[in-house]
Amino acid sequence: MSTFGGFSPVAEPYINRVNPSSFHPAIHIQELVFGPLAMVHSDSDPPLLDHYGILLSCHSTQCDEPQSRVTMEECQLPLIDLCALTSDDETVCRASAAAICKASSEWGFFQVVNHGISPQLVKKMRSEQVKLFQTPFETKAKSGLLNDSYRWGNPRATCPNQFSWSEAFHVPLTKVSDEACYGDFTSLREVMTCFAAAMSELSRVLARILTENLGHGKQARIDTICNETTCFLRLNHYPACPITPEITGLVPHTDSDFLTILCQDQVGGLQLMKDSKWVTVKPNKDALIVNIGDLFQAWSNDVYKSVEHKVVTNATMERYSIAYFLCPYYDSWIESIVKPSIYRGFTFGEYRDQVQEDVRKTGYKVGLPRFLLKGSDDNTGLYTPSITANS
């Protein structure tokens, strides 16, 4: 079964069970620092604490008292009003498109407003998402919900800093409208189908602008290799994590797609690498966040940047988000349309296989540097010292 997204479906019994009478490092730490009340949790929670405790017990690094959560520099991502794209004034349209391309080059991230997805639809989707994740863990893990796409934590983690304190449903778009995937969650299907369609349309508008900016227009239209059979919608939940700020909700990574569109709540926690330091993205209730993936960086020959990002945990509040991934067919040929190329050509399937092989062997995603042509400078900044969250 696919582990696309860095989590693993839990169709089989959880293997990291421990004898209740044995010493459990994570529980021991919680009791010492937070007291017995810190052990209270819902039956909807996945066994994140169990898995993290086992990683601690198998790892030589000592876990000291939790550090205070460091306040990172907060950034305002470039904000682009997409209403301008439909303006009667051609100058206004061109300026909006140019802003999208500039942000993709300088930041690798930007946010959009007036994006065509109504606040009412976002609110309904969030309500259904919360109900879904409040379902008992055993039901989420074993009932085959949403194409049996439930995953949590990180089964490939070999040490604590590779662990993600989160759970998700990573759903192929082809299954979003499949009534058989929803079980008792009948109201989720209608809302999720509308939401996925809106995100899909927005992704194509943005991809078209970014491709045409490279000067190849319809010759390199991503529409021909990306459609509903190749893309994914992921529902994310990050439970509150009072144990230690060193645990990430989602480990540092770049996305192995063309682009990602994120709809997040107001809790915050998304951080990205900017000028060699982590900065926190300030939530905007009216905006969606867009980031460039590895494939667009290769496609554009480094004109656009796939930037490392992560999610940090919150000690007291849970966080919800929904991500749309614009992916091609596995046999799609990816090569730089700006010449001379610094990357060799590859298929999307080859790229994913290489990422997964690196993760299996080393615990780390290498990504695009694996595909640099001989003599090219490795200035991509894509080596990620963590297990990928979007493999």
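- Counting only N and O atoms by type, the side chains of Ser306 and Asp294 include a donor and acceptor under 3.5 Å apart.
- Minimum heavy-atom separation, Pro369 to Val366: CD-O, 3.2 Å.
- Between Thr230 and Cys226, the closest heavy-atom pair is OG1-CA, 3.6 Å.
- The side chain to side chain contact (heavy atoms under 4.5 Å, CB included) check on Ala84 picks up Val92, Ser96, with sequence neighbours excluded.
- Ring geometry for His309 against Phe109 counts as perpendicular: the plane angle is over 60°, on a 0 to 90° scale with 30° as the lower cut.
- Annotation: salt bridge (Lys or Arg N to Asp or Glu O under 4.0 Å) contacts involving residues 265-290, sequence neighbours excluded, comprise Glu73-Lys277.
- Between the side chains of Thr254 and Glu308, not a single donor N or O lies within less than 3.5 Å of an accepting N or O.
- Looking at Thr135 and Tyr150, their side chains never come closer than 4.5 Å, going by heavy atoms from C-beta outward.
- Looking only at distances, no side-chain donor or acceptor of Ser321 sits under 3.5 Å from a matching main-chain atom of Asn236.
- Cluster membership for Val251 and Val312, using ILVMFWY side-chain heavy atoms within less than 4.5 angstrom, is not shared.
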### Task
Go through the steps for Ile54 and Cys58 under the test side-chain contact (heavy atoms from CB on, under 4.5 Å), then give the verdict.
CA-CA 6 Å; Ile54 290 169; Cys58 296; 4.1 Å; yes
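- Side-chain atoms of Thr244 never come within 3.5 Å of backbone atoms of Ile247 as a donor-acceptor pair (strictly under, hydrogens ignored).
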### Query
Under the side-chain contact (heavy atoms from CB on, under 4.5 Å) criterion, do Leu82 and Leu202 qualify, and how do the steps go?
CA-CA 10 Å; Leu82 295 187; Leu202 176 58; 3.5 Å; yes
#### Entry: Step-by-step side-chain contact (heavy atoms from CB on, under 4.5 Å) determination, Phe325 to His170
CA-CA 10 Å; Phe325 297 96; His170 194 83; 3.6 Å; yes
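- Side-chain atoms of Ser42 and Ser44 include a donor-acceptor pair closer than 3.5 Å.
- Here the shortest heavy-atom pairing between Val338 and Leu214 reads CG2-CD2, 4.2 Å.
- For Tyr182, there are no ring-ring contact (aromatic ring centres under 6.0 Å, His included) partners at least two apart in sequence or on another chain.
- Taken from CD in Gln129 to NE2 in His237, the straight-line distance is 8.5 Å, to the nearest 0.5 Å.
- Taking CD of Gln76 as the start and CD of Gln111 as the end, the distance is 6.0 Å to the nearest 0.5 Å.
- Put simply, the side chain of Thr347 does not reach to within 4.5 Å of the side chain of Tyr330, judged on heavy atoms.
- Using the six-membered ring where Trp is involved, Trp299 and Phe258 have ring planes that are perpendicular, over 60° apart on the 30 and 60° scheme.
- Between atom CG of residue Asn314 and atom SG of residue Cys241 there is a gap of 9.5 Å, rounded to the nearest 0.5 Å.
- With a 4.5 Å cut-off on side-chain heavy atoms, Ile342 and Asn301 count as touching.
- Within the 4.5 Å cutoff, the side chain of Ile117 has heavy atoms near those of the Met199 side chain.
- Both Val303 and Ile292 are assigned to one and the same hydrophobic cluster, defined by single-linkage of ILVMFWY side chains at heavy-atom distances under 4.5 Å.
- Going from atom CD1 of Ile225 over to atom OH of Tyr329 covers 9.5 Å, rounded to the nearest 0.5 Å.
- Between Leu259 and Ser203 the shortest side-chain heavy-atom distance falls below 4.5 Å.
- Considering only residues two or more places apart in sequence or on other chains, Val281 meets the side chain to side chain contact (heavy atoms under 4.5 Å, CB included) condition with Cys75, Leu77, Leu270, Leu272, Ile289.
- By the 4.5 Å heavy-atom criterion applied to side chains, Thr280 and Gln271 are counted as neighbours.
- Every residue was checked against the side-chain hydrogen bond (donor to acceptor under 3.5 Å, both in side chains) condition with Asn284, not counting sequence neighbours, and none meets it.
- When side chains are defined from C-beta on, Leu146 counts as touching Leu235, because their heavy atoms get closer than 4.5 Å.
- Residues meeting the ring-ring contact (aromatic ring centres under 6.0 Å, His included) test with Phe195, sequence neighbours left out: none.
- Relative orientation of the Tyr52 and Trp165 rings is perpendicular, given thresholds of 30° and 60° on the angle between their planes.
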### Task
Show your working on side-chain contact (heavy atoms from CB on, under 4.5 Å) between His51 and Trp152 and close with a plain yes or no.
CA-CA 10 Å; His51 193 184; Trp152 60 273; 4.1 Å; yes
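- With Glu167 as the fixed residue, the salt bridge (Lys or Arg N to Asp or Glu O under 4.0 Å) test singles out one of Arg234, Arg319, Arg151, Lys140: Lys140.
- A pairwise comparison of heavy atoms in Asp257 and Cys327 identifies CB-SG, 3.7 Å as the closest pair.
- Take Tyr304 and apply the ring-ring contact (aromatic ring centres under 6.0 Å, His included) test, not counting sequence neighbours, and it matches Phe296.
- Judged purely by atom type and a 3.5 angstrom limit, Ser300 uses its side chain to pair as donor or acceptor with the backbone of Gln297.
- Considering only heavy atoms from C-beta on, Leu85 comes within 4.5 Å of Ile209 through its side chain.
- Applying the salt bridge (Lys or Arg N to Asp or Glu O under 4.0 Å) test to pairs two or more places apart or on separate chains, none has a residue in residues 182-203.
- Closest approach of Ala298 to Ser336, counting heavy atoms only: O-OG, 2.6 Å.
- Under the 3.5 Å distance criterion, the side-chain polar atoms of Ser87 are left unmatched by any main-chain donor or acceptor of Cys93.
- Take Glu357 and apply the side chain to side chain contact (heavy atoms under 4.5 Å, CB included) test, not counting sequence neighbours, and it matches Gln354, Arg360, Lys361.
- The CZ atom of Phe348 sits 8.5 Å away from the OG atom of Ser332 when rounded to the nearest 0.5 Å.
- Applying the side chain to side chain contact (heavy atoms under 4.5 Å, CB included) criterion to Lys175, with sequence neighbours excluded, gives Asn147, Val171, Pro172, Asp178, Cys181.
- Under the ring-ring contact (aromatic ring centres under 6.0 Å, His included) criterion, His115 pairs with no residue at all, not counting sequence neighbours.
- Identified under the salt bridge (Lys or Arg N to Asp or Glu O under 4.0 Å) test for residues 112-133, with sequence neighbours left out: Glu128-Lys131.
- Contact between Leu295 and Pro328 at its shortest, heavy atoms only, is CD1-CD, 3.5 Å.
- Remark: Gln266 CD is packed, more than 12 non-hydrogen atoms of other residues, nucleotides or ligands lying under 6.0 Å away.
- Annotation: the span from Ser200 atom OG to Leu233 atom CG amounts to 10.0 Å, rounded to 0.5 Å.
- A parallel orientation is assigned to the rings of Tyr351 and Phe346, their planes being inclined by less than 30° (bins at 30° and 60°).
- Between the side chains of Tyr238 and Thr313, not a single donor N or O lies within less than 3.5 Å of an accepting N or O.
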